[in-house]
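The block underneath contains the structure these notes are about, expressed in structure tokens.
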2 protein chains.
Amino acid sequence: MMPAALEVLASPRRREILRLVWNEELAAGTIHRAMPDVTFGAVSLQLRALVEAGLVEARAEQRHRFYRARREAFGPVAEILERMWDDKLWKLKLAAELEETRRGPKPRRNRTTKKRSGKRGR
Amino acid sequence: MMPAALEVLASPRRREILRLVWNEELAAGTIHRAMPDVTFGAVSLQLRALVEAGLVEARAEQRHRFYRARREAFGPVAEILERMWDDKLWKLKLAAELEETRRGPKPRRNRTTKKRSGKRGR
DNA sequence: CAAACATTTTAGTTTAAACTAAATTATCAT
DNA sequence: ATGATAATTTAGTTTAAACTAAAATGTTTG
């Protein structure tokens, strides 16, 4: 548990993702489907932050990338998080925080990355 | 330990303050003197955040206000923090983070709140 | 190879956090 | 009251986080 991890855990959005990949490995797309209020891109960026902090692992398989929590990396914090997720009151609190904490542009509607032409090589 | 506390712990500055008032009660001014790179006002605001999160208690005595950590409120996190503070490597990390994390206007120099006229009633 | 799918990356926008400077409040001493 | 000291509060500034939209990357399938 390094100081950086505390920063990562501060975000309700990242905690929400963490909860999803706590007990099972999930593909990025599956994680995104569980939080339709943000774009796929946003989820991908948060997943990156979690991986860089060493809290989550990624595994590529075919077109998918599967993510799961590295529970060993949490130490005593694992307990705190699990208790939070079990507690109904805290579930409500998380919902409220996600509402509040939404940053970036004002809420719009349909949240998948929109394709357009699809040309241009690098 | 509520979700809000995780947010509060995310700030290196607040963790620095917390460390100071972990084992002893200190006046706001004493705390500020220990971190001369920020103004008294900035310290006061962070103290407020810590008190509002229930992590720190304040006691008024004469012209002073004494602050101390409410260690009961930390649960398993207390251990994490104490280990962080004991660890020499983490001490270096904290210094680096404080350097990095300095927000607000670019660094200037002398950091006490400057007085001016001092009139004007409310 | 093109098209579809799964995901990441980039560039730019909005919002909130951490801060500063100054003003204000509060207490004590003269 | 006036002044000195201790701290808080307010208003405004800067920076970084969370996000969006679009483009890019990589993989599988026809």
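Throughout, protein chains are lettered first and strands after them, A, B, ... in sequence-line order, and every chain is numbered starting at 1.
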Side chain of Thr39(A) (C-beta onward), nearest among dT10(C), dA21(D), dT8(C): dA21(D)

Between P of dC19(D) and CZ of Arg48(A), the distance in whole Å: 14 Å

Rounded distance (Å) that lies between atom C1' of dC19(C) and atom CZ of Arg13(B): 9 Å

Integer-rounded Å distance: dA18(C) C1' and Leu50(B) CG: 13 Å

Toward the 5' end of DNA chain D, by each residue's nearest nucleotide, Arg33(B) or Val43(A): Arg33(B)

Glu82(A): partners by side-chain hydrogen bond (donor to acceptor under 3.5 Å, both in side chains), with sequence neighbours left out: Trp22(A)

Touch class at under 4.0 angstrom, heavy-atom based, for Ala28(A) against every strand present: sugar-phosphate

side-chain hydrogen bond (donor to acceptor under 3.5 Å, both in side chains) partners of Arg70(A), counting only residues at least two apart: Glu72(A)

Out of dT7(C), dC19(C), dA7(D), whichever nucleotide has its closest atom nearest the side chain of Ala27(B): dA7(D)

Distance, rounded to the nearest Å, where Met35(B) contributes CE and dA18(C) contributes P: 13 Å

Euclidean distance, atom NE2 of residue His32(A) to atom P of dT8(C) [Å, nearest integer]: 12 Å

Interatomic distance, Arg15(A) CZ vs dA18(D) C1' [rounded to whole Å]: 14 Å

Close approaches to DNA chain D from residues 57-69 of chain A, in residue order (heavy atom, under 4.0 Å): Gln62(A), Arg63(A)

Rounded distance (Å) that lies between atom C1' of dT7(C) and atom CG of Leu45(A): 11 Å

Side-chain ion pair, Arg15(A) and Glu7(B), N-O less than 4.0 Å: yes

Per Phe40(B) side chain, nearest of listed nucleotides dT20(D), dT8(C), dT8(D): dT8(D)

side-chain hydrogen bond (donor to acceptor under 3.5 Å, both in side chains) partners for Glu25(B), two or more places apart: Arg59(B)

Qualifying side chain to side chain donor-acceptor pair (under 3.5 Å) pairs, either residue in residues 46-58 of chain B, two or more places apart: Glu57(B)-Arg68(B)

Flag side-chain contact, heavy atom, 4.5 Å: Trp85(A) against Leu18(A): yes

Rounded distance (Å) that lies between atom C1' of dT20(C) and atom CG of Asp37(B): 13 Å

Those residues that, when tested against Arg71(B), pass side-chain hydrogen bond (donor to acceptor under 3.5 Å, both in side chains) (two or more places apart): Asn23(B)

